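Note that the structure is a prediction, hence the values are computed from the model and not measured. Throughout, protein chains are lettered first and strands after them, A, B, ... in sequence-line order, and every chain is numbered starting at 1.
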4 protein chains.
Amino acid sequence: MSATADATEFSLESLGRVPLQGRSKASLERMLATARTLMLERGNEDFTLQEVSSRGKVSIGSIYLRFENKDSLVRAVLYQATQTLAEQEDAMLAELAASCATLQEFVPRYVEAYAEVLRHNAPLLRLTMMRAEHDPPISLLGKRTANNAEAKAVAAFMAYRGDFAVPDPEVCAKAAHHIIFATLARELSLGSSSESVTNYDWNVLKRELARMCAAYFQAS
Amino acid sequence: MSATADATEFSLESLGRVPLQGRSKASLERMLATARTLMLERGNEDFTLQEVSSRGKVSIGSIYLRFENKDSLVRAVLYQATQTLAEQEDAMLAELAASCATLQEFVPRYVEAYAEVLRHNAPLLRLTMMRAEHDPPISLLGKRTANNAEAKAVAAFMAYRGDFAVPDPEVCAKAAHHIIFATLARELSLGSSSESVTNYDWNVLKRELARMCAAYFQAS
Amino acid sequence: MSATADATEFSLESLGRVPLQGRSKASLERMLATARTLMLERGNEDFTLQEVSSRGKVSIGSIYLRFENKDSLVRAVLYQATQTLAEQEDAMLAELAASCATLQEFVPRYVEAYAEVLRHNAPLLRLTMMRAEHDPPISLLGKRTANNAEAKAVAAFMAYRGDFAVPDPEVCAKAAHHIIFATLARELSLGSSSESVTNYDWNVLKRELARMCAAYFQAS
Amino acid sequence: MSATADATEFSLESLGRVPLQGRSKASLERMLATARTLMLERGNEDFTLQEVSSRGKVSIGSIYLRFENKDSLVRAVLYQATQTLAEQEDAMLAELAASCATLQEFVPRYVEAYAEVLRHNAPLLRLTMMRAEHDPPISLLGKRTANNAEAKAVAAFMAYRGDFAVPDPEVCAKAAHHIIFATLARELSLGSSSESVTNYDWNVLKRELARMCAAYFQAS
DNA sequence: TATGAATGAGTATTCATTCAT
DNA sequence: GATGAATGAATACTCATTCAT
């Protein structure tokens, strides 16, 4: 299942207006990059189109030529970020699949690797999740992305089906993925600037999460 | 550890301006109730003071008599919500402690009861967590509340110390609390209006979470 | 002509509301003193009645019991300041009259002494003159005060009538007073906080002003 | 010394935002003219931007496109007024220089002409002087303007150096300029709407001022 | 009398969006 | 297509004044 599976529905073309080439494309990329930079700098969507215009060397008119309104621009940035996250998940899972022989080896490395992927993408992921609360298109994007991530994670676990002691490995793998994602995301505050919101030790958390999953999978 | 432990530092008196009685108190309560209602209705803090004034039958001036600015009013609403949540956690833990004989009995009932408490308080808890990202006083409130909740949860688990098979029950109890809270919170989207952000079945999640914790505590 | 000649028309009683005694009088004085302090601190009338209330330990209600409105309070402060200035002018002229034998001796000492009186009273005098622009009662007060000051100054000069070389000493004395007052006032910016608005040397100005008047009076 | 000597530092471009042409320029001029009209009508800066917007047929946004804030607009009006005054002083001095043969002829005509220039510009000059009290940029503008005016006046007097009887004509010219300006300004109340604040006869004042200066310059 | 809590009209400023060029 | 100047609705906050107690 590819990270770009939903490209048609959520493509820039669907969020923006037209396929572009050359100068126009470069200009579109400057808009997106500038908007993303501003969102990362401020941790929210409170940038102005004037700022995008001046910092990104794009005219206000150009922005409205590509995007229906400001929301549309923000959505495009979040869509790109979501794509990136999915691609990194894919790569991470592919690498682990190639290098882990057993479930016992896989579980802690998965927690560790997933934690780093999420940490890296946390700021925009957090904005995506916040926006999903009141923005149906982003909510839909979030659900699809989450479902894809779940499917991919479960498939990765199932490669080690024989190592599960429980009678229902799919159910457990699915639950484990949910729990791992939720815990890591929460501890990252999904974007908290510097320090964690809680002070719970990040390494301890990863270790115990792995330990908990291992016990869960081995319970008879 | 009482739910009101931080009352001095985060009391309405410290957030607002004065202790009140009678009509004044009623008026203050109308402001807070109206602001809370608006925040719940919209899922964010984008209400206007005009709205609080007209819907709450309080003059704009009265609001500024009690609160330094709009932020201060929002903080007071979140503070109250945090208090309420802590009180419900206290009550929930007290009741479980009185009625569960073993850890095996306690774990699933704790997950279930905590899930319901969080679900009930999710909308404002979500706003609190969002605001904590950029509002230091609320960030501090959130950290203290989280620490208190952790301490209370660990203590509750430790009442069943003898039932743990692991050599380090405190560490496991702490991790379990973090993981349970994070998972439940995420699944609730901490305030998602109607349906869950993910479509993962809420009852399955609760069941598996309990199962996972049980396995974790029994691992040798 | 006494400095209190206009007391009836501009008395506190006329500006405020009632004659007072004891506690009430003390409270009235606190209002006035606080308002004056605030006006001096800020160099304008932009204080609030809340500030007068809290700093002066007077209730808002009390203020409205003594004064019709804020303007009325401000006028009372300016009236008092005007009284004080007039009294200091009186004292200054009396002293000079007693100690100067000739016009030649009087002129420079008058310029010097008047300069110091104005410097001392400049901040509130400036507020009075500014307010006179758009506040008829204060404009009237200003005119009467100016007329009184003129009459007193001319009388002082006329004590040395025999020392004038010009054929029209009254005309010259009157003009000299106008010119001295205007020049000193302007150079003081009538209340400019610290430094003069212009950088023209204050001592040179006083010396030349005296020299000019002396020449003027001696011209044939 | 030209009236536009400070143009670089205090130009509209420095106070506002951009150089303009055509429609934009017309709109900028409407803003300034409307603000100036309102300031003259009321004798102070208490106009609202809504008023400028509706009376001047400019949108609020346009104002903020040209000026950082309301203060900036007010400063621009005062700057223009200061420019105008300086230009009229230049013209007046040039004309007198061309038509007066002697100091005796020059002095009364200078007082007369300067009085008329000040009378004409009094309302905005008064606002400039009031604002200078608490607004550093305007204070600086005022000081520079005053220094320029002094230099120009002294130069004009010095054209008649041979006609001075005093040993220090520069010192006297400088003092005379200060005294003439201060006296005229005060008598005009620098902006008093209709009548003078004092009731001293304006023509008498001008005559005696000239007489005084003449005597001063001729004193040996 | 005296208090001070309550009132609400009034205003500078921001910024997404439009549209004349 | 491309530009960026112009628009104006929307909103937090202040403070003189009132009036219930």
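Atom CD1 of B:I63 is separated from atom P of F:dC15 by 17 Å (rounded to the nearest Å). Between the CZ atom of A:R30 and the P atom of F:dA2 there is a distance of 12 Å, rounded to whole Å. For the pair B:R66 CZ and F:dA12 P, the computed distance is 20 Å after rounding to whole Å. Between the CG atom of D:D46 and the C1' atom of E:dA9 there is a distance of 16 Å, given to the nearest Å. Rounded to whole angstrom, the span from the NZ atom of B:K57 across to the P atom of E:dA6 amounts to 17 Å.
Side-chain proximity of C:L65 to E:dT1, E:dA6, E:dC15: nearest is E:dT1. Residue B:T48 has its side chain nearest to F:dT11 when only F:dT11, E:dT3, F:dC13 are considered. With distances taken from any side-chain atom of B:S59 to the nucleotides F:dA16, E:dT14, E:dG8, the minimum falls on E:dG8.
Side chain of A:E51 to main chain of A:T48: a donor-acceptor pair is present (N/O by atom type, distance under 3.5 Å, no hydrogens or angles). Counting only distance, with no hydrogens or angles, the side chain of C:S139 and the backbone of C:E133 share no donor-acceptor pair below 3.5 Å.
In this structure, B:S62 reaches the bases: a heavy-atom distance under 4.0 Å links it to at least one base atom across the strands shown. In this structure, B:I60 reaches the bases: a heavy-atom distance under 4.0 Å links it to at least one base atom across the strands shown.
If you find the closest nucleotide of DNA chain F to B:D71 and to A:Q50, the one lying nearer the 5' end belongs to A:Q50.
The shortest non-hydrogen separation linking D:V58 to D:V52 is CG2-O, 3.9 Å.
Separation of atoms OG1 (D:T128) and OH (D:Y79) is listed at 12.5 Å; rounding is to 0.5 Å.
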